[in-house]
There are 2 protein chains.
Amino acid sequence: MLFFSKTCIYGIRAALYVASLGKQEYVPIRAISEQLNISFHFLTKILQILTQQNLMISYRGPNGGVSLAKPADQIKLIEIIEAIDGSNLFTECILGLPGCGTQSPCPIHAQWAVTRQGMQNMFENTSLAELGRQINELGLRLADT
Amino acid sequence: MLFFSKTCIYGIRAALYVASLGKQEYVPIRAISEQLNISFHFLTKILQILTQQNLMISYRGPNGGVSLAKPADQIKLIEIIEAIDGSNLFTECILGLPGCGTQSPCPIHAQWAVTRQGMQNMFENTSLAELGRQINELGLRLADT
DNA sequence: TATATTTAAGACTCTTTTATCTGAAAATAC
DNA sequence: GTATTTTCAGATAAAAGAGTCTTAAATATA
């Protein structure tokens with residue numbers, strides 16, 4: 001049981017990778033998929049979502065590919081997360097209790113609301129550029145191998 | 001994308017319901033499933049897990065059913081969660097970054113670790129009795145209708 | 001114009017989760 | 001013993017998520 005869907009995780013990783021290249025040119029999805037060890041066709045679908053949501057720009061043909069629609073320091077993680085997984089991740093009752101909601105939260109929900117708000121703030125305040133920089137400083141990689 | 005699996009949520013709700021009845025007799029699974037609007041056969045399977053993990057006791061035949069293996073104030077939510085969803089929920093990297101782990105966490109992971117620890121503590125400290133009482137005080141129901 | 005490169009789009013498959021069905025096995029009551 | 005009530009166990013089905021494949025459309029370049 002993952003917090004984010006794989007689709008969402010792959011989307012974030014791909015966006016981080018494109019951001020890390022920091023160039024103006026389009027990056028072919030095939031190149032991204034090979035670098036990150038993500039199935040090409042699957043990644044294509046995911047990036048289509050991001051382009052449809054105006055977070056990326058795509059271009060067909062030779063020298064085509066995708067690029068960020070905005071500078072990497074202006075794209076917040078929350079934008080990618082909500083584009084792919086939707087925003088209900090941060091609103092639903094964790095126990096699925098029928099009456100439970102923001103108005104009348106169950107105890108777990110109330111606690112979770114605090115917790116969740118912290119995470120949401122984090123995703124709202126962290127840009128691709130920022131996260132990429134931090135990941136780089138820590139010597140972590142984006143790829144599986 | 002839910003935080004807990006439906007199996008886990010149903011397990012918790014069923015345990016809360018049995019606890020709420022607070023009687024010594026066995027509660028038929030059919031009655032629980034009807035009260036909580038959960039598929040009988042599905043719930044049967046879930047409760048089988050809980051009995052196998054010694055959180056519940058089951059008894060066959062007329063007047064049979066399930067009951068809590070311990071007083072409700074001695075069963076912590078974490079026991080049910082780990083019995084059903086396992087304990088890895090609280091250890092994995094939220095972004096699925098390859099190198100990321102407890103040893104060298106990515107920034108998101110580090111933040112998530114704090115968040116997660118808070119939740120884990122909550123689940124470790126909250127008993128069925130306690131949660132049931134709170135839900136009751138708030139006027140929330142366990143059933144879908 | 002022809003060809004190669006690249007994303008777009010939709011159908012399709014595979015896997016996991018969720019849910020249902022069926023036939024036991026066990027316990028009880030009569 | 002026989003019928004009834006209940007859990008147990010395994011097969012099956014439906015739905016959703018993850019991943020693959022094929023064809024079409026757009027672009028660049030020769």
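In this text the structure is predicted, and so the values were computed from the model without any measurement. Convention: sequence-line order gives letters A, B, ...; per-chain numbering from 1.
- Summarising the geometry, the separation between CG on B:Asn37 and C1' on C:dT20 is reported as 16 Å, rounded to the nearest angstrom.
- Per the geometry, CG belonging to B:Leu43 stands 11 Å off P belonging to C:dT20, to the nearest Å.
- Annotation for A:Tyr59: hydrophobic cluster partners, listed by chain and number, are A:Tyr26, A:Ile57 (ILVMFWY side-chain heavy atoms under 4.5 Å, direct or chained).
- Rounded to an integer number of Å, the gap from A:Phe42 CZ to C:dT13 C1' is 14 Å.
- Contact of the B:Leu68 side chain with the B:Leu128 side chain is registered, since non-hydrogen atoms from C-beta on lie closer than 4.5 Å.
- As a whole-Å value, the separation of B:Ile46 CD1 from C:dT20 P is 11 Å.
- Put simply, NZ on A:Lys6 is 11 Å from P on C:dT16, counting in whole angstrom units.
- Using a 4.0 Å heavy-atom criterion, one finds that A:Leu47 contacts no nucleic acid atom at all.
- Sequence neighbours left out, the pairs with a member in residues 60-73 of chain B that pass salt bridge (charged side-chain N to carboxylate O under 4.0 Å, His left out) are B:Lys70-B:Glu79.
- Under the ring pair (Phe, Tyr, Trp, His ring centres under 6.0 Å) criterion, A:Phe40 pairs with no residue at all, not counting sequence neighbours.
- Annotation: ring-ring contact (aromatic ring centres under 6.0 Å, His included) contacts involving residues 60-87 of chain B, sequence neighbours excluded, are absent.
- Contacts classified as salt bridge (charged side-chain N to carboxylate O under 4.0 Å, His left out) and involving residues 98-109 of chain B (residues at least two apart or in different chains) are not found.
- B:Thr7 has no side-chain polar atom (N or O) that falls below the 4.0 Å cut-off from OP1 or OP2 of C:dT17.
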Nucleotides 24-30 of chain C: protein proximity per nucleotide (B base, S sugar-phosphate only, - neither; heavy atom, under 4.0 Å): -BSBBS-
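- The side chain to side chain donor-acceptor pair (under 3.5 Å) test applied to A:Asn54 returns no partner, not counting sequence neighbours.
- Across the protein-nucleic acid pair, B:Ile38 atom CD1 and C:dT17 atom C1' stand 16 Å apart, rounded to whole Å.
- No side-chain heavy atom of A:Lys76 sits under 4.5 Å from any side-chain heavy atom of A:Glu124.
- Of all nucleotides in DNA chain D, those with any atom nearer than 4.0 Å to a heavy atom of chain B start and finish, going 5' to 3', at D:dT4 to D:dA11.
- Sequence neighbours left out, the pairs with a member in residues 126-139 of chain B that pass side-chain hydrogen bond (donor to acceptor under 3.5 Å, both in side chains) are B:Glu130-B:Arg133, B:Glu130-B:Gln134.
- The stretch residues 30-45 of chain A participates, sequence neighbours left out, in no salt bridge (charged side-chain N to carboxylate O under 4.0 Å, His left out) pair at all.
- For B:Thr44, there are no side chain to side chain donor-acceptor pair (under 3.5 Å) partners, not counting sequence neighbours.
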Please list each protein N or O that sits under 3.5 Å from an N or O in nucleotides 9-11 of chain C, with the distance.
{"residue": "C:dA9", "atom": "OP2", "partner": "A:Gln52", "partner atom": "NE2", "Å": "3.4"}
{"residue": "C:dA11", "atom": "N6", "partner": "A:Lys45", "partner atom": "NZ", "Å": "2.8"}

